[in-house]
Amino acid sequence: MYCIVGKKFNINSTVKIQEILFNKYKLPIIKKTKNGKFSTDEQVLKRLSSYHILPKVLLKYRTLYKINTTYILKLPKKINILTGRIHTTYNQYLTSTGRLSSSKPNLQNIPIRTKIGKKIRTAFIAKNKWILLTADYSQIELRILAHYSKDKKLITELFNNIDLHSATASNIFQNQEINKIDKIHREIGKKVNFSIIYGISAFGLSRQLNVSLSTAREYIKKYFNKYVDIKKYIDQTHKNTEKKEYIKTLFSRKIYIPNINSTNKILKNSAKRFCINAIIQSTASDIIKKSMINIDLFLKNKKIDAKLIMQIHDELIFEIQEEKKNSISHKIKYLMENCVKLRVPLKVSIKTGKNWGNII
DNA sequence: AATTTCACG
DNA sequence: ACGTACGTGAAATTA
């Protein structure tokens with residue numbers, strides 16, 4: 001990057017990067033930060049990559065720099081001298097939705113999305129003759145949405161094991177056959193599905209997909225034309241929350257949302273999005289906590305020497321004796337899938353391996 | 001301490 | 001006419 005620009009500069013300084021990209025090279029301004037500065041985040045750099053080589057190189061640098069400074073250089077320092085292991089802290093009463101958070105160090109954001117980042121996980125290794133076992137609720141949030149909304153189409157699709165992201169893509173793009181949906185269109189379907197869980201907004205979806213506002217509106221319209229009960233459920237939930245000023249999770253935990261009646265439209269709209277997301281995300285976090293308790297009781301009652309070592313929102317990670325792999329896998333899957341009875345099945349996928357980076 | 005960016009669900 | 005996708009923690013730079 002020094003060679004490209006022709007001099008040395010602080011690559012980590014957003015001020016310097018802004019100056020070079022937008023003053024020196026006069027590249028187009030894609031968006032601004034909340035303070036009115038020219039943003040240089042990942043989305044911006046991706047779009048600028050077609051104009052200049054620098055943003056392309058910078059993107060790669062940022063990925064590697066993040067992995068190096070946040071994980072490679074820091075995690076070894078967190079190894080406890082007595083146990084020889086890293087111990088995180090789970091914060092039980094921090095998040096608004098009831099999720100746990102993890103800190104010092106955060107073990108809920110160890111890389112997985114990039115090939116090189118995922119290598120960090122290979123450093124998490126089970127002790128001799130033991131293995132790691134991960135148990136993952138698959139698409140728990142869409143299942144919770146199906147449960148609450150009672151949407152007939154979504155329930156049918158879940159019972160038939162339809163790929164929901166491809167199904168949404170198929171609906172949006174001229175009803176192409178579900179199993180003929182390619183990877184790119186499936187990703188779009190996935191983002192549309194997530195936009196519903198997050199509390200939908202055409203503007204947010206358009207920005208996420210990099211499409212026009214009218215295109216995003218069209219996608220949402222098609223989505224609700226298909227899943228009519230979801231639309232009804234969302235409208236009804238907004239009305240109920242305006243009356244009560246709180247939502248309830250599946251296990252009756254209350255989350256207050258006073259801004260739902262704010263005269264400030266920005267606050268009100270944000271509260272409307274939050275109330276949908278809060279019901280779904282909170283219910284998911286209640287379910288996994290109940291599973292954690294059930295599994296803990298089971299392991300204690302049967303005097304099984306296995307340890308629950310991490311929780312990552314919809315996933316539990318255990319360290320177990322290798323020889324007990326089959327019996328424990330089976331039992332954990334059963335306990336998690338039958339933790340609570342919903343209108344749709346809960347599905348848990350189990351993976352095992354010697355280290356966290358290579359699990360099957 | 002605030003801001004920006006980026007890692008995860 | 002607003003100005004937005006939900007929930008977090010941490011690192012580096014800037015104020």
Side-chain angles (χ1 to χ4, degrees), chain A residues 9-18 31-45 58-59 61-75 78 88-91 94-114 116-118 120-121 134 136-141 145 191-210 213 216 219-220 255 257 259 262-282 284-285 288 310-317:
Chain A
F9 61 99
N10 185 346
I11 297 166
N12 296 322
S13 163
T14 51
V15 177
K16 278 277 175 294
I17 293 291
Q18 283 156 16
K31 66 174 175 185
K32 294 181 180 180
T33 68
K34 66 171 177 180
N35 274 309
K37 305 268 182 66
F38 304 151
S39 172
T40 71
D41 70 12
E42 185 183 340
Q43 200 202 357
V44 170
L45 295 180
L58 180 55
L59 270 173
Y61 169 87
R62 287 234 179 113
T63 306
L64 297 176
Y65 186 84
K66 177 79 175 181
I67 290 166
N68 193 34
T69 54
T70 307
Y71 304 103
I72 296 176
L73 295 178
K74 299 293 156 59
L75 286 178
K78 299 286 183 177
T88 184
T89 300
Y90 286 107
N91 309 298
L94 187 147
T95 70
S96 52
T97 53
R99 275 187 172 185
L100 301 180
S101 85
S102 158
S103 55
K104 294 182 291 181
N106 182 356
L107 292 186
Q108 289 181 323
N109 72 344
I110 302 301
I112 190 168
R113 291 173 188 171
T114 65
I116 186 147
K118 198 178 172 186
I120 298 293
R121 294 196 171 209
T134 71
D136 201 315
Y137 276 114
S138 64
Q139 294 179 321
I140 188 168
E141 294 189 328
L145 177 64
K191 284 182 174 167
V192 173
N193 281 340
F194 272 109
S195 78
I196 305 295
I197 291 166
Y198 289 157
I200 198 144
S201 116
F203 186 90
L205 182 62
S206 74
R207 240 187 34 174
Q208 195 63 35
L209 293 178
N210 238 322
L213 197 54
Y219 289 171
I220 293 169
I255 298 172
I257 310 175
N259 280 345
S262 171
T263 51
N264 180 333
K265 260 204 164 146
I266 299 158
L267 289 181
K268 187 184 168 99
N269 282 336
S270 156
K272 281 168 85 173
R273 289 195 301 273
F274 177 75
C275 88
I276 299 300
N277 178 259
I279 295 172
I280 296 171
Q281 192 182 116
S282 308
S285 79
I288 198 162
M310 287 191 275
Q311 189 255 42
I312 314 182
H313 311 308
D314 60 1
E315 177 184 7
L316 298 177
I317 297 145

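Note that the structure is predicted; figures quoted are calculated from it, not measured.
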Quick one: which of [options] gets closest to the side chain of [X]?
{"X": "A/Asn109", "options": "C/dG9, C/dT4, C/dG7", "value": "C/dG9"}
{"X": "A/Lys265", "options": "C/dA12, C/dA1, C/dG3", "value": "C/dA1"}
{"X": "A/Lys66", "options": "C/dA12, C/dT13, C/dG9", "value": "C/dG9"}

Could you check whether [X] gets within reach of a base, just the sugar-phosphate, or nothing at all, counting any heavy atom under 4.0 Å?
{"X": "A/Ser195", "answer": "base"}
{"X": "A/Ile112", "answer": "sugar-phosphate"}
{"X": "A/Phe203", "answer": "base"}
{"X": "A/Ile67", "answer": "nothing"}
{"X": "A/Ile280", "answer": "nothing"}
{"X": "A/Glu42", "answer": "sugar-phosphate"}
{"X": "A/Ile266", "answer": "sugar-phosphate"}
{"X": "A/Ser285", "answer": "nothing"}
{"X": "A/Asn12", "answer": "sugar-phosphate"}
{"X": "A/Lys268", "answer": "nothing"}
{"X": "A/Ser206", "answer": "nothing"}
{"X": "A/Arg113", "answer": "base"}
{"X": "A/Thr69", "answer": "sugar-phosphate"}

Note: chain A reaches DNA chain B at heavy-atom distances under 4.0 Å over the stretch, first to last nt, 5' to 3', of B/dT3 to B/dG9
Do the non-hydrogen side-chain atoms of A/Thr14 and A/Lys37 ever get within less than 4.5 Å of each other? no
Beyond-backbone contact of A/Met310 with A/Thr134, side-chain heavy atoms, under 4.5 angstrom: no
Expressed in angstrom and rounded to an integer, what is the separation of [X] atom [atom1] from [N] atom [atom2]?
{"X": "A/Asn259", "N": "C/dC2", "atom1": "CG", "atom2": "P", "result": "21 Å"}
{"X": "A/Leu205", "N": "C/dC6", "atom1": "CG", "atom2": "C1'", "result": "14 Å"}
{"X": "A/Asn106", "N": "C/dG9", "atom1": "CG", "atom2": "C1'", "result": "5 Å"}
{"X": "A/Leu213", "N": "C/dA1", "atom1": "CG", "atom2": "P", "result": "14 Å"}
{"X": "A/Ile17", "N": "C/dT14", "atom1": "CD1", "atom2": "C1'", "result": "15 Å"}

Residues at least two apart in sequence or cross-chain that pass ring pair (Phe, Tyr, Trp, His ring centres under 6.0 Å) with A/Tyr219, listed by chain then number, are A/Phe173
Under the rule of Watson-Crick or G-U wobble with both distances under 3.5 Å, where | means paired to another strand and [ ] a crossing pair, DNA chain C maps to .....|||||||||.
With rounding to the closest Å, how many angstrom separate the P atoms on C/dA5 and B/dT5?
13 Å
If you compare every side-chain N and O of [X] against the phosphate oxygens of [N] (OP1, OP2), does one of them come in below 4.0 Å?
{"X": "A/Arg273", "N": "C/dT4", "result": "no"}
{"X": "A/Ser101", "N": "C/dG9", "result": "yes"}
{"X": "A/Asn10", "N": "C/dT13", "result": "yes"}

- Between A/Ser101 and A/Thr95, do the side chains contain an N or O donor and an N or O acceptor separated by less than 3.5 Å? no
inquiry  = Quiz question: going by heavy-atom distance under 3.5 Å, is there a donor-acceptor pair between the base of C/dT8 and the side chain of A/Arg99?
reply    = no
